[in-house]
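I have placed the structure first, in the form of structure tokens, so that the comments after it can refer back to it.
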Amino acid sequence: SSIVVRGARMAVVLGISSGPHDSAACLIRDGKLLRAAAEERFTRKKMDGRFPEASIAFCLESEGLTVDDVSVVAHGWRFGAASADVRRIAQRVAEERGLGVAKHLLYTAERFEEVDRNVEQRIYDGLARLGIPRARLRMYDHHLCHAAAALYFCPYPGATDPPAPGAQERACCVTLDGRGDFSAGKVVVVAATPAVALGGSSKAARQAPQPTEAPPEQLRTLDSTTMFDSVGFLWAFVTAALGFKPFRHEGKLTGLAARGDAKKTLPIFDSVMGLVQDEGADTQWQIRTKWHAEELSNFQLFLVGLEGSHQEQVTIQDFKLFKDLASHSKEDVAAGLQHFTERLMIDYMERNGFSRPLVCLSGGVFANVRLNMRFRTELSNVDHVFVYPSMGDGGLCVGAAALATREFGQVVAAPQGIVFLGPEFEAGEVRAAVEALQMRNPRSIAISEEVLDTSAFARAVASHLAAGRIVGLFWGAMEFGPRSLGHRSLLAPATDPAITELLNGRLRRSDFMPFAPVTLRAKAGEAYMGWRAEDLEAGRHMTMCYEVTPEMRSLCPAVVHVDGTARPQVVDERDGLYFQVLEAYFEESGVHTLINTSFNLHEDPIVCTPANAVSAFEGGACDVLAAYPFLVTACIAIP
């Protein structure tokens, strides 16, 4: 079916993310972002990277659409489009460092190309299963998609306004992750020049519907960091070296870092990566890894093995970086890596003059809230920092869909916001899940009540919280992104530090990970140092770190990390029932903050359906299941 942007038919853009991990889909209709969800929430496999069939089905069915209504499928990888650039880099390295080093780069590129070809074929096969012609597929640069998601859906005005002639851009976006289209990061601004089609160079992309008109703005790359110089890969290696799962548990290192001494391991990280002055490049300072002819001196080759066959994998203990770190505590290793990354990125931004009044951040590395705080507090001439809430590869679908939408001449908007875009359920579906709980446990009594009035429901939940109980709150549309933000959340009082041990035990989580607070907007200034009213728009998604006030440390010790920081979500009337619960809790207890953590047991994806919520309740995640409009307060065994 042909795409008609204006006229009788509205454009339907289906955005998809389908890389090695964290697949997702979104739907933009007539320029409006209406739905988005990660595949893991449906398949119940954490960080699932399969073709996002279930997410696509949700996006289409919830809007009453079929695959025949889809005008274009926009994907957040181009797969192989930059392979010529890779070979030029390898040639440069060969001239500078010798063929022994260059061969490792070429091997790395070839192995990742093979992985990407398999993923690309998986996309073609998935579209074929759905009956979507390959000609409707457009592929976009991975890091431009990260940037597009943050820039086009930034809550602060002017992020995508082209600058006046001779003026500097108001905004920039910094992206940083492991790898994508042979890059590990970019610095992107919005230029005023007519846009060149950003679709990929694959045969499918060339056959895709062509833009009807060019938008007035174009995303322009100021600098690009290659995947051979990947900060994300360094984090993945160290995560594995400390016994955690790479590409999943990097956040644990940020939690550990506050307990360590960075000085003990900082020289080790300085020896493997740093800023290099490159007079031949457009920018003077670039992030570079120090590659070596000796294979096991290159930590990146371990990551290549992870994506290769089992026979090719080299034991991590054989690598020089592992041996250098092995004599140090986990805390000191994590502290050194955290400090190194913060200093590297701030120096990179400052030395190159990349800062703008509005800085947007996207890509998996920016799940690191301590790093985000450094961008907010240490960069020159920055008014606001916004982190796109679905900063990982799952968010690529939104950036790709936005780029396609702009290419077809439509303004991008998010009338329902940028987070609460997933499945929502009727009261009857919640009732069925609660009744199924009773049927599965015939020798127990599930005590439940239905409370339709939201104010009364919120007061009842608040009373349970004031009594020290853990509540699973389930209502409205599921969150898109890695954080639970009040629709699929576990809530608990933050006044007793002992509750963190109780929560960790019940959820089977690591005891060094801090729990995050949710705080009333009207009280945020009392809780967080440096909080400004205009921080709210960037503070609604739990992506930024703040130092807490002495009053907050005393009032809510359970959400204050050992370094005196917290990762808050700040809420107001726009947050509906969630806000009502916190407001009612404040009225009853005088405390403006609760613990908010994800509603799931450890290593499970966040709950999606009422049945998922009931299952987590059965598994001991919470004392009370508040699945609106039902309150399930106990499951009592009959003697």
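Note: hydrogens, waters and symmetry copies are ignored here, and every other heavy atom, side chains too, is used.
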Study note, to complete from the structure: Distance col, row Y156:OH vs L151:CG, nearest 0.5 angstrom, shows 14.5 Å

Review point. Between R431 (side chain) and E450 (backbone), is there a donor-acceptor pair under 3.5 Å?
Key: no

Exercise for review: Evaluate the criterion ring-ring contact (aromatic ring centres under 6.0 Å, His included) for residue pair Y628 and F457; output intermediate values, then yes/no.
Suggested key: CA-CA 8 Å; Y628 180 79; F457 187 89; 5.2 Å; yes

Practice item. Measure from the side-chain N and O atoms of T175 to the backbone N and O of K186, and report whether any donor-acceptor pair falls under 3.5 Å. Key: yes

Exercise for review: Measure the CZ-CG distance between F599 and L473 for me, rounded to the nearest 0.5 Å.
Suggested key: 8.5 Å

**Study point:** From F153 atom CZ to C360 atom SG, the distance as rounded to the nearest 0.5 Å
**Key:** 12.5 Å

Review point. Between E603 and R508, is there a side-chain N and carboxylate O pair less than 4.0 Å apart?
Key: no

Practice item. Let me know which of F420, F474, F579 forms a ring pair (Phe, Tyr, Trp, His ring centres under 6.0 Å) with H487. Key: F420

Review point. Is R521 salt-bridged to D575, cutoff N-O under 4.0 Å?
Key: no

**Study point:** Residue among C59, C397, S23, C26 satisfying side chain to side chain contact (heavy atoms under 4.5 Å, CB included) with P52
**Key:** S23

Donor-acceptor contacts, no H, no angles, side chain residues 387-394, under 3.5 Å, sequence neighbours left out:
from	atom 1	to	atom 2	distance (Å)
S390	OG	G395	N	3.4
D393	OD1	H142	NE2	3.4
D393	OD1	H146	NE2	3.3

Review point. Taking all non-hydrogen atoms of both residues, which atom of G468 and which atom of P493 are closest, and how far apart?
Key: CA-CG, 3.8 Å

Practice item. Check the pair S598, R509 against side chain to side chain contact (heavy atoms under 4.5 Å, CB included), reporting the backbone distance first and the verdict last. Key: CA-CA 11 Å; S598 55; R509 294 180 184 173; 3.1 Å; yes

**Study point:** Lys/Arg N to Asp/Glu carboxylate O, R574 vs E537, below 4.0 Å
**Key:** yes

Review point. With side chains defined as the heavy atoms from C-beta onward, is the minimum distance between R483 and H541 less than 4.5 Å?
Key: no

Review point. Checking side-chain hydrogen bond (donor to acceptor under 3.5 Å, both in side chains) for the pair Y152/T405: CA distance, chi angles, key distance, verdict?
Key: CA-CA 11 Å; Y152 282 111; T405 299; over 6 Å; no

Exercise for review: Begin from the C-alpha positions of W235 and T341 and carry the test side-chain hydrogen bond (donor to acceptor under 3.5 Å, both in side chains) through to its verdict.
Suggested key: CA-CA 9 Å; W235 274 80; T341 305; 2.9 Å; yes

Exercise for review: Can you measure from CZ (R35) to CD (Q416) and round to the nearest 0.5 angstrom?
Suggested key: 6.0 Å

Exercise for review: For the pair S554 (side chain) and E551 (backbone), establish whether a donor and an acceptor sit closer than 3.5 Å, ignoring hydrogens and angles.
Suggested key: no

Point to revise | Test log, rule side-chain hydrogen bond (donor to acceptor under 3.5 Å, both in side chains), inputs N368 and Q338 | key: CA-CA 9 Å; N368 188 317; Q338 181 69 36; 2.9 Å; yes

Review point. How many angstroms lie between CD1 in I470 and CG in L625, if you round to the nearest 0.5 Å?
Key: 13.5 Å

Exercise for review: Flag the pair K264 and D332 as a salt bridge only when some basic side-chain nitrogen lies within less than 4.0 angstrom of an acidic carboxylate oxygen.
Suggested key: yes

Practice item. Could you tell me which non-hydrogen atom of M542 sits nearest to which non-hydrogen atom of V369, and how far apart they are? Key: O-CG1, 4.2 Å

Practice item. Rounded to the nearest 0.5 Å, what's the gap from CG on L582 to CG on L577? Could you check? Key: 11.5 Å

Exercise for review: Determine, step by step, whether T609 and N612 satisfy the side-chain hydrogen bond (donor to acceptor under 3.5 Å, both in side chains) criterion, reporting the C-alpha distance in whole Å, the side-chain angles of both residues, the deciding distance to 0.1 Å, and the verdict.
Suggested key: CA-CA 5 Å; T609 66; N612 298 153; 3.1 Å; yes

